Protein chains: 2
Amino acid sequence: MSVARRTGRRPGGPDTKGEILAAARVEFAERAYDGASVRGIAARAGVDPALVHHYFGTKEQLFLAAMEIPFTPSEVAAQIMSGPQPGTGERAVRTFLAIWADPVKRAPFLALLRSAMTHPGAAALLRQFARRAMLARVVARLDVPDRELRAEAAVSHLLGMALMRYVVKIEPLASASEDELVSLVGPVIQRYFDP
Amino acid sequence: MSVARRTGRRPGGPDTKGEILAAARVEFAERAYDGASVRGIAARAGVDPALVHHYFGTKEQLFLAAMEIPFTPSEVAAQIMSGPQPGTGERAVRTFLAIWADPVKRAPFLALLRSAMTHPGAAALLRQFARRAMLARVVARLDVPDRELRAEAAVSHLLGMALMRYVVKIEPLASASEDELVSLVGPVIQRYFDP
């Protein structure tokens with residue numbers, strides 16, 4: 001059936017990309033991040049997996065396109081971790097605030113987190129993506145015991161700070177300058193990265 | 001009209017409490033926490049304010065009853081802050097985890113936070129209640145500069161930790177023991193409470 005559908009379709013037609021993205025959203029919603037595959041998404045869309053790779057690259061890149069995440073969290077995580085070790089906490093706070101300050105950038109994460117509060121499938125998608133595409137890069141650069149737990153504790157602080165600043169909008173946190181938050185929260189988060 | 005309705009009603013009848021709670025939910029949704037009053041809620045329910053006080057006590061207690069929050073956050077906050085100062089961070093983590101581990105206790109906060117992500121009115125309700133009934137007790141006991149900002153930073157870490165543990169359920173954070181988290185996160189949060 002997949003072959004029959006494939007031959008009836010113009011590869012590269014104007015709607016093919018949209019159909020792949022729609023298929024990706026269904027696949028990720030049903031199978032979460034780890035269970036989804038480019039092959040499975042291609043089959044759902046009735047196209048060749050090579051076409052999916054051609055248009056969107058890796059599974060991670062396809063996920064970002066499907067969820068309309070306009071940056072690459074794994075690259076951001078790698079950048080934060082690649083600078084001088086003692087400034088890791090401050091870089092993490094500054095980078096996280098810059099992303100969350102942009103409504104377009106925070107919207108997909110808020111939507112996923114909101115769904116995760118009522119749908120276990122959305123929670124699985126969020127945690128698997130967070131582990132594969134963000135935390136893995138952080139953990140790989142940490143030279144401390146319990147590095148996974150520490151990385152997650154650090155990210156949990158960043159997440160809570162972003163929610164209270166941009167969603168709950170509690171004062172004075174909502175109006176504090178980025179510099180103020182970097183110098184207050186950065187050294188606290190740094191504790192998780194120090195041996 | 002309020003008097004007419006009042007006289008037509010049996011005070012203390014079986015549905016009066018329910019009507020007061022329903023009126024409270026409308027008043028809090030429309031006017032948030034600071035704008036809501038026991039008088040306004042009594043007027044909406046068509047009863048005397050004294051009856052509302054008789055049944056539910058203060059505005060804070062009425063809010064807790066209306067939102068089905070089965071504990072008193074302001075008392076919990078006061079307890080956390082009343083122990084020895086160097087153990088404040090650890091007590092905060094232990095108490096927060098105990099509350100969030102209970103689905104009945106976390107549900108109202110999750111519902112409010114979820115609404116806050118899409119409705120500014122719900123965000124206002126959450127932040128005003130958080131400030132009046134929780135943070136005020138923390139701030140009053142802090143002897144540090146920027147104590148409001150520090151208290152909010154501390155609470156933001158607790159909130160993010162709870163969300164990643166109980167909603168996103170990311171591992172190893174989701175399965176870590178309470179003791180493990182108290183000893184990892186407690187001293188980090190303590191930084192906000194130390195001068």
Side-chain angles (χ1 to χ4, degrees), chain A residues 89 93 106-107 109-118 120 122-131 134-135 145-176 180-181 183-185 187-192, chain B residues 89 93 106-107 109-118 120 122-131 134-135 145-176 180-181 183-185 187-192:
Chain A
V93 173
R106 70 178 181 245
F109 293 102
L110 275 180
L112 253 181
L113 184 61
R114 196 165 184 276
S115 296
M117 289 179 185
T118 44
L125 182 57
L126 181 53
R127 80 173 159 260
Q128 291 171 9
F129 175 71
R131 279 180 65 93
M134 288 182 271
L135 283 157
D146 302 319
R147 56 189 187 165
E148 284 191 298
L149 192 59
R150 282 163 171 263
E152 289 171 10
V155 170
S156 81
H157 194 350
L158 295 168
L159 173 68
M161 176 187 67
L163 287 174
M164 285 187 56
R165 180 172 167 91
Y166 296 109
V167 175
V168 183
K169 293 186 178 148
I170 200 159
E171 294 293 358
L173 183 59
S175 300
E180 211 172 342
L181 290 175
S183 61
L184 177 66
V185 180
V188 172
I189 286 187
Q190 182 70 31
R191 287 282 298 262
Y192 289 122
Chain B
V93 173
R106 70 178 181 245
F109 294 102
L110 275 181
L112 253 181
L113 184 60
R114 196 166 184 276
S115 296
M117 290 179 184
T118 45
L125 182 56
L126 180 54
R127 80 173 161 260
Q128 289 171 10
F129 176 71
R131 279 180 65 94
M134 288 184 271
L135 283 157
D146 302 318
R147 55 189 188 166
E148 285 192 299
L149 191 59
R150 282 163 171 265
E152 290 171 10
V155 170
S156 81
H157 193 351
L158 295 168
L159 172 68
M161 177 186 67
L163 287 175
M164 284 187 57
R165 180 173 167 90
Y166 297 109
V167 175
V168 182
K169 294 186 178 148
I170 200 159
E171 293 293 356
L173 183 60
S175 300
E180 211 173 343
L181 290 176
S183 62
L184 176 66
V185 180
V188 172
I189 286 187
Q190 183 67 32
R191 288 281 297 262
Y192 290 122

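Both backbone and side-chain heavy atoms feed into the values below; hydrogens, waters and symmetry mates do not. Here the structure is a predicted model, which means the values were calculated and not measured. Note on naming: letters A, B, ... go to the chains in the order of the sequence lines (proteins, then strands), and numbering restarts at 1 for each one.
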Is it the side chain or the backbone of [X] that comes within 4.5 Å of chain B heavy atoms, both, or neither?
| X | value |
| --- | --- |
| A:Pro187 | both |
| A:Gln128 | neither |
| A:Leu181 | side chain |
| A:Tyr192 | side chain |
| A:Arg191 | side chain |
| A:Ala176 | side chain |

Original post:
B:His157 and A:Ile189: side-chain contact (heavy atoms from CB on, under 4.5 Å), yes or no, with the steps?
Top reply: CA-CA 10 Å; B:His157 193 351; A:Ile189 286 187; over 6 Å; no
**OP:** Could you walk me through whether B:Leu184 and A:Leu149 pass side-chain contact (heavy atoms from CB on, under 4.5 Å), step by step?
**Re:** CA-CA 9 Å; B:Leu184 176 66; A:Leu149 192 59; 3.8 Å; yes
Original post:
CD/B:Glu171 to CZ/A:Arg127 distance, rounded to the nearest 0.5 angstrom?
Top reply: 8.0 Å
Subject >> Point-to-point distance, once rounded to the nearest 0.5 Å, from CG of A:Leu113 to CE of B:Met117 >> reply: 4.0 Å
**OP:** Name the option with the most non-hydrogen atom pairs under 4.5 Å to chain A; the candidates are B:Val188, B:Leu126, B:Leu112.
**Re:** B:Val188
**OP:** Name the member of B:Leu159, B:Ile170, B:Leu173 that forms the most heavy-atom pairs with chain A at distances under 4.5 Å.
**Re:** B:Ile170
**OP:** List in chain and number order the residues that pass side chain to side chain contact (heavy atoms under 4.5 Å, CB included) with A:Val155, two or more places apart in sequence or in another chain; answer none if no residue qualifies.
**Re:** A:Leu135, B:Met164
